[in-house]
Amino acid sequence: MILILEPDTDATSETYQRLMAYLDELQGIDHRVHQVHGAEQVLTEVYLIGSTASLDEREMASLPAVERVIRISDAYRILGRHKDDHREASFSYNGVEFSQDNLHVFAGLCAVDNRQNVERMFQVLAEHGQTCARMGAYKPRTNPYSFQGHGADCLPWVFELAGKYGIRVVAMEITHDRQIDEIQQALEATGHPTGVMLQIGTRNTQNFELLKFAGRQSQFPVLLKRGFGITLEESLNAAEYLATEGNSSVVFCLRGMKTNMGDPHRNFVDFAHVPVVKRLTRMPVCIDPSHSVGSRAASPDGLMDMMHTTAQGVIAGANMVLVDFHPEPKRALVDGPQALTPDEMQYFLDDVRIAREAYERRRDLATAHLAGN
Ligand code: PEP
Ligand code: MN
């Protein structure tokens, strides 16, 4: 059961204290408090865990500071959608709103290599009105002899450059909890010129200790990638780990599955699951066409498979696109063959816009159709 408190309820207020005193007395029921920071208000949700079947919904709704009550099913208690659950499917971070209704493009380097390329990327993004980017500093690599990323050393100048070009959110993968502190310190040292969305990659989807660490902090939202060899349910449960620890500012990313059935793509593209994730949970859904397709191969119509799959995800309602760009793909230290180039930025954004407009028209059509029935 979830108790949704009145907006902006103050934890020091007398009503809140009375509510907590009441909940403390309930036998066999634990409670956990979550705060959801929206663009305009802070919502407090109290999760009641244990033998809640005996609780009377109306009685609980009449408790001090409680606005309404939601009974939840077992799966994805915090991030899931439940019957009569009209909670917001959004959060805002550093002035950017993430929701199941809007769309952001996070283009940039798979791996930070040098200052010149990072600056060029941010500059191109700014020229195209973009405020989000991707930049990998810690790279999990299959081969131990491959470039592992510049790590903490590059963070100060990457953040400064992001700030210089008005980038508000940089998606950056972490592979160890220590790196959250390193990111925090680098942002602090540079005066918070930008913000970071912590990315947990497909190799770490079920790294439960890392998930718990990322869940225990609420400074940074988290982009969790689907595990490449586990079920969707298992990956969604991994997202729930972040939320149970306290961080429900989570975006879920589809990035393809590892199976030869997907050949010749790097992974079997799973963007048909965009609406499924939106139906099962309240998380905004990201697609990663670069790591799904893994090449710049094009079909006879002149469109790269990457552009086709991006459009497929966006027309199905995706809320974020994570995509590799590089000023000189041939010289990229990681994943050059799948990178788009700065002179393709306008083309890419225009193609995304066409697919998004088509999605919005399809959504309106469905709404009108349902209203007519
Ligand atoms: C990445 O986005 O740089 C990455 C390594 O992706 P994935 O975890 O999906 O392989
Ligand atoms: Mn990569």
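Both counts, for ligands and for their atoms, begin at 1 and track the order of listing.
In terms of the salt bridge (charged side-chain N to carboxylate O under 4.0 Å, His left out) criterion, residue partners of Glu57 (sequence neighbours excluded) are, by chain and number, Arg71. Residues that satisfy the side chain to side chain donor-acceptor pair (under 3.5 Å) test with His86, not counting sequence neighbours, are absent from this structure.
Checked by atom type, the side-chain pair Thr341/Glu344 shows a donor-acceptor distance below 3.5 Å. His291 and Asp335 are linked by a side-chain donor-acceptor pair at a separation below 3.5 angstrom, with hydrogens and angles left out of the test. The closest side-chain donor-acceptor pair between Thr231 and Glu234 falls under 3.5 angstrom.
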One line per pair, note the atom names and distance for all nitrogen or oxygen contacts under 3.5 Å between ligand 1 and the protein.
residue  : atom   : partner : partner atom : Å
ligand 1 : 2 (O)  : Arg134  : NH1          : 3.0
ligand 1 : 2 (O)  : Arg134  : NH2          : 3.4
ligand 1 : 2 (O)  : Gln199  : NE2          : 2.9
ligand 1 : 2 (O)  : Lys225  : NZ           : 2.8
ligand 1 : 3 (O)  : Arg134  : NH2          : 2.7
ligand 1 : 3 (O)  : Lys139  : NZ           : 2.8
ligand 1 : 3 (O)  : His291  : NE2          : 3.4
ligand 1 : 6 (O)  : Lys225  : NZ           : 2.8
ligand 1 : 8 (O)  : Thr202  : N            : 2.8
ligand 1 : 9 (O)  : Lys225  : NZ           : 2.8
ligand 1 : 9 (O)  : Arg255  : NE           : 2.6
ligand 1 : 9 (O)  : Arg255  : NH2          : 3.4
ligand 1 : 10 (O) : Arg203  : NH1          : 3.0
ligand 1 : 10 (O) : Arg255  : NH2          : 2.8

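Under the 30°/60° scheme for interplanar angles, the aromatic rings of Tyr93 and Phe220 are found to stand perpendicular.
Within a radius of less than 2.8 Å around the Mn ion (ligand 2), the protein N, O or S atoms are Cys110 SG, His291 NE2, Asp335 OD2.
Atoms CD1 and CD1, from Ile2 and Ile78 in turn, are 7.5 Å apart once rounded to the nearest 0.5 Å. A distance of 10.0 Å separates CE in Met20 from CG in Leu63, rounded to the nearest 0.5 Å.
Results of the side chain to side chain contact (heavy atoms under 4.5 Å, CB included) test with Leu3 over Thr44, Val33, Leu48 single out Leu48 as the only residue that passes.
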